[in-house]
Asker: 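Got a structure for you, written out below as structure tokens; questions coming shortly.
Just so it is clear: chains get the letters A, B, ... in the order the sequence lines come, proteins before strands, and each one is counted from 1.
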Number of protein chains: 2
Amino acid sequence: MTKQAYPTPVCTIDAVLFRIHDEQLQVALIRRPSDARVYANVLALPGGFVHVDSDQNLNDTLLRNLKEKVALSPAYIAKLEFEGNISRDPEGWSITCPYLCLIDESASCSEQVCWMSVSDFLGESPSINLPFDHQQLIQKAFHRLYHRAKYSTEPNYFFREPFTLSELQTVYEIVLGKPLHKKNFRDRIEESDSVEETGESKIVKRSRAKLYTHKQPQKPHFFSRVLQGALD
Amino acid sequence: MTKQAYPTPVCTIDAVLFRIHDEQLQVALIRRPSDARVYANVLALPGGFVHVDSDQNLNDTLLRNLKEKVALSPAYIAKLEFEGNISRDPEGWSITCPYLCLIDESASCSEQVCWMSVSDFLGESPSINLPFDHQQLIQKAFHRLYHRAKYSTEPNYFFREPFTLSELQTVYEIVLGKPLHKKNFRDRIEESDSVEETGESKIVKRSRAKLYTHKQPQKPHFFSRVLQGALD
DNA sequence: AGAATAGTGTCTGTAAGACATTATACA
DNA sequence: TGTATAATGTCTTACAGACACTATTCT
């Protein structure tokens with residue numbers, strides 16, 4: 001009954017990295033290396049192995065992999081549900097520790113990154129097939145973000161730089177897939193106490209809008225009531 | 001960049017197994033084997049390694065370990081957040097895939113199991129020190145159950161046999177640590193559509209109470225509003 | 001009969017939902 | 001001056017919260 005008695009499954013992290021771009025929710029994919037034992041040269045979620053020498057924890061593993069493969073550090077990260085079984089990797093038993101990562105639209109990243117619309121992966125027959133259980137991981141990450149948009153301020157972290165409330169509302173509308181009442185949205189954000197005015201403002205379209213920043217980094221507010229009503 | 005290029009951390013499952021007993025929320029601990037390389041003969045959460053030959057997935061790993069070490073199968077299981085770092089195990093890098101498990105009060109289990117009050121582990125200085133990060137895992141599991149008791153019917157699964165609504169309310173009160181209004185609680189449970197009458201009833205204390213069972217096994221209902229009010 | 005528990009009726013308060021209005025910038 | 005957007009005011013409604021009440025069973 002000592003530790004080395006059993007072979008341990010292969011264990012990796014995977015990053016489901018989302019951004020808002022062109023009025024779409026997009027996910028980052030990268031092409032697997034040509035010398036990979038399975039799924040060589042195929043588009044997949046960025047991920048990788050723990051470096052037991054350099055990583056102190058799985059967070060380090062995630063950030064290192066994103067830096068190496070996508071060349072950016074996310075504005076927000078959160079753990080998703082682990083997944084481990086004999087069939088997700090053709091090479092045998094494996095476990096993944098997947099993360100949801102949010103990044104702001106203007107963040108620059110490696111040109112290797114292929115951004116695809118998340119909606120391409122929500123149906124039964126996606127436009128491209130992803131290796132492993134990566135489509136399921138994207139679906140789970142979206143499911144989480146979608147629901148959190150209804151009862152938390154997690155989508156706030158699609159912004160790193162100051163933002164206007166209208167921009168923020170647009171993000172929520174894209175995630176939820178339906179328009180929201182402006183006043184209700186603003187009341188809700190105010191009630192959450194999740195943002196504060198910078199004092200600055202910017203001219204957007206034909207009006208002047210106040211700029212806001214996060215009050216708490218990486219700590220969404222949770223509402224006591226789920227957002228029900230939305231237009232249509 | 002092939003798979004076997006890096007050593008993989010040790011990966012285990014841990015079970016935070018809760019029951020309601022003696023008006024308390026209790027957690028199951030077992031004594032580690034005397035030949036363990038670390039923390040031999042110490043009380044800890046039941047857990048163990050993946051058997052890549054016999055387990056199809058981590059669920060199998062959990063159930064097999066619970067059967068072997070606690071001699072029972074839980075009424076409800078759910079994944080908790082994975083944890084992986086260099087310091088949680090004195091032997092080095094390790095990852096745990098922890099599960100929350102609920103079992104009914106009357107379930108019989110191995111006599112080896114030591115049931116302890118969860119409240120013993122919620123403060124800074126617990127009555128006994130647990131190895132690894134097991135105290136944190138218990139705290140996280142309780143935190144989840146506590147909050148889910150406020151916005152879901154997850155605590156329903158402390159029952160496997162038919163139960164009365166008063167018994168159910170008592171379970172919620174123990175988890176939440178405060179009394180609830182009877183009528184409000186019953187309205188909420190009815191609204192959730194999570195239980196149905198068996199048609200049977202039983203005499204409890206000085207009155208006759210209807211018996212209920214789950215409508216959906218393993219699928220809690222989620223309310224659109226968080227339970228705020230409770231007595232005191 | 002009295003006590004304890006199961007089960008129900010109903011009023012209130014609060015925050016989400018719906019919609020209207022005002023203010024501001026620009027062409 | 002007209003139009004599009006920012007920002008706010010206010011009425012309605014749904015449901016949690018509080019509490020009173022009735023029904024049933026046992027001592």
Asker: How long is the line joining CG of B:Leu168 and P of C:dA6, in whole Å?
Answerer: 12 Å
Asker: For the pair made of CG in B:Leu180 and P in C:dG7, what is the distance, rounded to whole Å?
Answerer: 16 Å
Asker: Looking only at side-chain N and O atoms, does A:His21 offer a donor or acceptor that is under 3.5 Å from a partner on A:Glu105?
Answerer: yes
Asker: Is the ring pair A:Phe223/A:His221 parallel, tilted or perpendicular, if the boundaries are 30 and 60 degrees?
Answerer: perpendicular
Asker: Can you find a side chain N or O atom of A:His181 that sits less than 4.0 Å from OP1 or OP2 on C:dG17?
Answerer: no
Asker: Show the numbers, then the answer: is there a ring pair (Phe, Tyr, Trp, His ring centres under 6.0 Å) between A:Tyr172 and A:Tyr146?
Answerer: CA-CA 9 Å; A:Tyr172 277 77; A:Tyr146 175 81; over 10 Å; no
Asker: Quick test of your reading: applying ring pair (Phe, Tyr, Trp, His ring centres under 6.0 Å), list the pairs with at least one residue in residues 187-220 of chain B, sequence neighbours left out, ordered by first then second residue.
Answerer: B:Tyr157-B:His214, B:Phe163-B:His214
Asker: Check every atom of D:dT25, C:dA16, C:dG17 against the side chain of A:Glu191 and return the nucleotide holding the closest atom.
Answerer: C:dA16
Asker: Counting only pairs under 3.5 Å, give me each side-chain donor-acceptor contact of residues 120-130 of chain A, with atom names and distances, residues two or more places apart or in other chains.
Answerer:
none

Asker: Would you mind building the protein contact string for nucleotides 5-14 of chain D? One character per nucleotide, 5' to 3', B for base within reach (heavy atoms under 4.0 Å), S for sugar-phosphate only, - for untouched.
Answerer: BBBBBB----
Asker: If only side-chain N and O atoms count, and only distance matters, is there a donor-acceptor pair under 3.5 Å linking B:Arg225 with A:Ser224?
Answerer: no
Asker: Once you round it to whole Å, what is the distance between C1' of C:dA6 and CD of B:Glu197?
Answerer: 13 Å
Asker: Specify the separation, in whole Å, of atom CZ of A:Phe222 and atom P of C:dA15.
Answerer: 20 Å
Asker: Of A:Arg188 and A:Ile203, whose closest DNA chain C nucleotide lies nearer the 5' terminus?
Answerer: A:Arg188
Asker: Just how far, in rounded Å, is C1' of C:dA15 from NZ of A:Lys150?
Answerer: 18 Å
